[in-house]
Amino acid sequence: MQRWIIHVDMDAFFAAVEQRDDPALRGRPVVVGGVGPRGVVSTASYEARRFGVHSAMPMSEARRLCPHAVFMPGDHRKYTRVAGEIRAILAAFSPLVEPLSLDEAFLDASGMEWLYKDPKDIAAAIKAKIRDELALTASAGVAPNKFLAKLASDWGKPDGLVVVRHDEIAAFLRAMPVSRLWGAGEKTVALLKGIGINTIGQLADADEVILRRHFGQQAGEMRRLARGEDDRPVVPEHEPKSIGNEVTFDEDLRSRDDIGTCLLALSQKVGRRLRQAGYAGRTVTVKIRFGSFRTITRSRTLGEATLLGDTIYETAQAIMADIELAEGVRLLGVTLSNLQVYGSQTSLFATDDDKKLKASVAVDHLKDKFGEGAITRGRLMPKKEK
DNA sequence: TCTGGGGTCCTAGGACCC
DNA sequence: TCTGGGGTCCTAGGACCC
């Protein structure tokens, strides 16, 4: 059976939601991202992109390029809610929907000929429904596999609908820059350019031995993609492998006391997210980025899984105690991995931890009800000026 | 232009067991 | 005293994606 994959990708998602909800922003350049001194752009509206503003660019540069834009931190909760509404729309078209992020998803539309004579009609119907019900535009790509569908959705942006049929694959790929290849980032692209490979067509025709010499095992996979071959299935459900939080400070931290306070806040946040998601984890990883941007991770695996902020914090502090602080700390992160599903009926804890868990859950409920600020530790209260 | 925060996957070395 | 190979788990770093 012929496989048909649709990739749906929202246009300038965060900025588009803001413009939809505030008419004063429509037609104006809008930049959503970190508004602090070290922020970066997360989404730029198309009006802002015309000035060269794009995702991952430092906010300071965005301000320089487009000073009259509206800069805002954005509202992640709102975007998550809208993403849920988009998913509900997609789910009505196929049971096989794989979200890639808040604003894009793959959909397997194979074998739906009895409903739609052409897969292009399904993509058009999805776009229309998103426009009519949510007042947002999406771009869609339709192709025999994920890689091509993703390239296709990008090709028509914004508000595009591009179909790549079997006999069009080679022509579609040939002239594309190799940077469009899934998994080829800055380093890989530089390496490829170094051996004279600039387009996907050139990669498809490249010498096997030379490719293998530079990319080892990956060479085969790269080449298959370059030829438009990709048999990865659309997988609706993924178990998470890790849950973590990290934060970059406006100014580098220097005291171990401040670092400890921050680790406590991060640990509690991670614990709460674990409980919400129903997971416990065994490996605690602390990530530190120093002022020089040198970044290290140190991890410790516990004998049994935990979902308690206190346990995560104690472990993080023990890890921290072994780290030398020769320079200021720019970023701190705490991540739990080695996850396992935690059903509330399965008590994998000693009774003492069980009590702590009950207390944590009680606090969770209060926060659910009254907001995140309702209850917090004395240590985490904002410092009062004297 | 000084570089976010959420992740996934891969590699490579070492410990440890049989 | 010197030397095996396979398997698994853990740790650290890095590339990459949105």
Side-chain angles (χ1 to χ4, degrees), chain A residues 7-14 31-44 51-66 73-74 76 79-80 83 98-106 146-147 150 153-154 157 179-192 215-219 221-222 225 232 235 238-252 266 269-270 273 277 279 281-303 319 322-323 330-339:
Chain A
H7 180 251
V8 178
D9 194 347
M10 301 301 294
D11 301 318
F13 184 49
F14 296 174
V31 180
V32 178
V35 292
R38 288 169 168 177
V40 300
V41 175
S42 94
T43 316
F51 292 85
V53 179
H54 59 79
S55 301
M57 167 184 280
M59 216 53 161
S60 54
E61 193 189 355
R63 286 182 196 277
R64 197 175 50 74
L65 290 172
C66 192
H76 219 79
Y79 309 145
T80 304
E98 177 181 344
L100 265 189
S101 64
L102 280 186
D103 74 323
E104 55 182 292
F106 286 112
K146 282 181 161 184
F147 171 55
K150 191 155 161 50
S153 73
D154 210 51
K157 271 189 162 298
S179 56
R180 306 297 292 276
L181 208 72
W182 177 265
E186 202 184 338
K187 307 276 176 182
T188 305
V189 169
L191 258 173
L192 283 167
F215 300 99
Q217 298 289 357
Q218 301 171 43
E221 183 55 31
M222 273 173 56
L225 285 183
R232 290 171 299 170
V235 184
H238 289 283
E239 293 282 329
K241 302 276 196 296
S242 66
I243 291 180
N245 284 91
E246 62 183 55
V247 60
T248 294
F249 310 109
D250 290 352
E251 282 174 32
D252 295 353
L266 289 168
K269 221 185 243 183
V270 171
R273 288 182 58 209
Y279 290 91
R282 284 177 56 222
T283 304
V284 178
T285 301
V286 172
K287 174 175 168 182
I288 301 176
R289 174 166 291 150
F290 296 102
S292 63
F293 226 71
R294 182 173 71 96
T295 307
I296 63 169
T297 60
R298 293 290 179 269
S299 59
R300 204 161 284 190
T301 298
L302 306 171
I319 291 171
D322 289 342
I323 297 175
R330 178 192 175 94
L331 168 150
L332 277 177
V334 173
T335 295
L336 225 75
S337 56
N338 243 317
L339 301 185

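Everything numeric in this text was worked out from a predicted model, so none of it was measured. Letters A, B, ... mirror the listed sequences (proteins, then strands); counts begin at 1.
To the nearest 0.5 Å, atoms CG (A/Asp250) and CZ (A/Arg330) are separated by 10.0 Å. The distance from the NZ atom of A/Lys287 to the CG atom of A/Leu266 is 11.5 Å, given to the nearest 0.5 Å. Atom CD1 of A/Ile288 is separated from atom CG of A/Leu331 by 9.5 Å, given to the nearest 0.5 angstrom. The distance from the CG atom of A/Leu336 to the CD1 atom of A/Ile243 is 8.0 Å, given to the nearest 0.5 Å. If you take CZ on A/Arg64 and CE on A/Met59, they are separated by 14.5 Å, rounding to the nearest 0.5 Å. Interatomic distance, OG1 of A/Thr283 versus CZ of A/Arg300, reported as 12.0 Å (0.5 Å rounding).
For A/Asp252 against A/Gly291, the heavy-atom pair with the smallest separation is OD2-CA, 3.4 Å. Between A/Val32 and A/Gly74, the closest heavy-atom pair is CG1-CA, 3.7 Å. Shown here for A/Asp9 and A/Ser153, the closest heavy-atom pair between the two residues is CB-OG, 4.1 Å.
Remark: A/Arg289, A/Phe293 in residues 283-293 of chain A come within less than 4.0 Å of DNA chain B through at least one heavy atom.
Residue A/Ile296 is classed as a sugar-phosphate contact, given heavy-atom separations below 4.0 Å to backbone atoms only. Across all strands, A/Glu186 comes closer than 4.0 Å only to sugar-phosphate atoms, never to a base (heavy-atom distances). Within 4.0 Å of A/Leu102, counting heavy atoms only, lies no atom of the nucleic acid at all. Across all strands shown, A/Ser55 has no heavy atoms under 4.0 Å from either base or sugar-phosphate atoms. Residue contacts for A/Gly333: at a heavy-atom cut-off of 4.0 Å it reaches no nucleic acid atom on any strand shown. A/Val41 comes within 4.0 angstrom of no nucleic acid atom, judged by non-hydrogen atoms across all strands. Nucleic acid contact for A/Pro37: sugar-phosphate only, since backbone atoms but no base atoms lie under 4.0 Å from a heavy atom of the residue. If you check every strand for non-hydrogen atoms under 4.0 Å, A/Leu181 touches sugar and phosphate atoms only. A/Ala184 comes within 4.0 angstrom of sugar-phosphate atoms only, judged by non-hydrogen atoms across all strands, and of no base. Among the heavy atoms of the strands lying under 4.0 Å from A/Arg282 are primed sugar atoms or P, OP1, OP2 only; no base atom is included. Among the heavy atoms of the strands lying under 4.0 Å from A/Gly185 are primed sugar atoms or P, OP1, OP2 only; no base atom is included.
Between A/Phe14 and A/Tyr79, the ring-plane angle classifies as parallel under the 30° and 60° cut-offs.
Of all nucleotides in DNA chain B, those with any atom nearer than 4.0 Å to a heavy atom of chain A start and finish, going 5' to 3', at B/dT1 to B/dC9.
Across B/dC2 and C/dC18, the matching P atoms stand 26 Å from one another, rounded to whole Å.
Between A/Arg38 and A/Lys241, the residue anchored closer to the 5' end of DNA chain B is A/Arg38, taking for each the nucleotide with the nearest heavy atom. Residue A/Gly39 is the one, among A/Gly39 and A/His238, whose nearest nucleotide of DNA chain B lies closer to the 5' end (criterion: closest heavy atom).
In summary, A/Arg289 and A/Glu246 do not engage in a salt bridge, as defined by a charged side-chain N under 4.0 Å from a carboxylate O.
Under a cut-off of 6.0 angstrom, the local environment of NZ in A/Lys157 is crowded, with over 12 non-hydrogen atoms contributed by other residues, nucleotides or ligands.
Stem regions for DNA chain C, each three or more consecutive Watson-Crick or G-U pairs with both distances under 3.5 Å and listed by first number, read B:5-18 with C:5-18.
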